[in-house]
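Chain naming here is simple, since letters A, B, ... match the order of the sequence lines and numbering starts at 1 in each. Quick note: numbers below take in every heavy atom, side chains included, and nothing from hydrogens, waters or symmetry partners.
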Amino acid sequence: MSFREKIHWVALTGLVIGFGWYFLSYPWAIANTRAGMMASVWMLIPATILFLIPMILGTVWFAIRTPKEAHLKEDEREKLIHLKGTHAAYYPLVLGTWANVFALINGLRYGWSVNILMATLVVAELIRVGAQLYYYRRGY
Amino acid sequence: MAPLPFNNQIKTLRFLKGEMTQADLGDRVGVTRQTIAAIEQGKYSPSLEVAFRIARVFGKPLEDVFHWADE
């Protein structure tokens, strides 16, 4: 498994832990109030920390274990995998943006709006990382 | 993923070249060991540049390393 593939697994784990906690712990009952929006803002801090800690620890750990691989530039296959993953992530971004527009039109604001945008980013990131891992495993 | 329409002799050529490892070949070509493994297994179709670089490492023409599957 290449250094970048390992980092993608770490990113996937961090995303699931950090934002899994965020969406499961969020007080959905007050989502459509200003307090709901502020709850989102404050909860994003620990969620980001939960996401970043495994990323930083994982990157440092794998860089120490395989320093040579950590310093290698992306080769052509890795660049293609990167592009394919980013391309796949575009679709949830578009869908999420439209979902937010419909939510706003239908009176879902504050916390809902923030959370739909957050979910859009998280789903797009999950698809980007997941697609890249798929191509690393299956070949491209 | 659809199988590639060409095969390669990289594994054999590595063996004949003093049992060169995938990592050594990757270093000389400028790609990762995993990319060499993917090319060998027919999971990745390399660019023409990388294909030529691989052939040059073995001192062979391109057709001796990669050949169309139905030939």
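One hydrophobic cluster, built from ILVMFWY side chains closer than 4.5 Å, cannot hold both A/Val123 and A/Met118; they sit in different ones. One hydrophobic cluster, built from ILVMFWY side chains closer than 4.5 Å, cannot hold both A/Val41 and A/Leu121; they sit in different ones.
Heavy-atom neighbours of A/Trp21 CH2 from other residues, nucleotides or ligands within 6.0 Å: above the threshold of 12. Counting non-hydrogen atoms of other residues, nucleotides and ligands closer than 6.0 Å to CH2 of A/Trp28 gives a total above 12. Sparse packing is recorded around OH of A/Tyr90, with 12 or fewer heavy atoms of other residues, nucleotides or ligands lying under 6.0 Å away.
If you measure heavy-atom distances from A/Arg137 to chain B, the contacts under 4.5 Å come from the backbone alone.
With rounding to the nearest 0.5 angstrom, the OG atom of B/Ser45 is 12.5 Å from the CZ atom of A/Arg77. Between the CD atom of A/Glu76 and the OH atom of B/Tyr44 there is a distance of 3.0 Å, given to the nearest 0.5 Å. Considering OG1 of B/Thr35 and CD of A/Glu74, their distance stands at 10.5 Å, rounded to 0.5 Å.
Shown here for A/Met1 and B/Arg33, the closest heavy-atom pair between the two residues is N-NH2, 4.2 Å. The two residues B/Thr32 and A/Asp75 make their nearest non-hydrogen contact at N-OD2, 2.8 Å.
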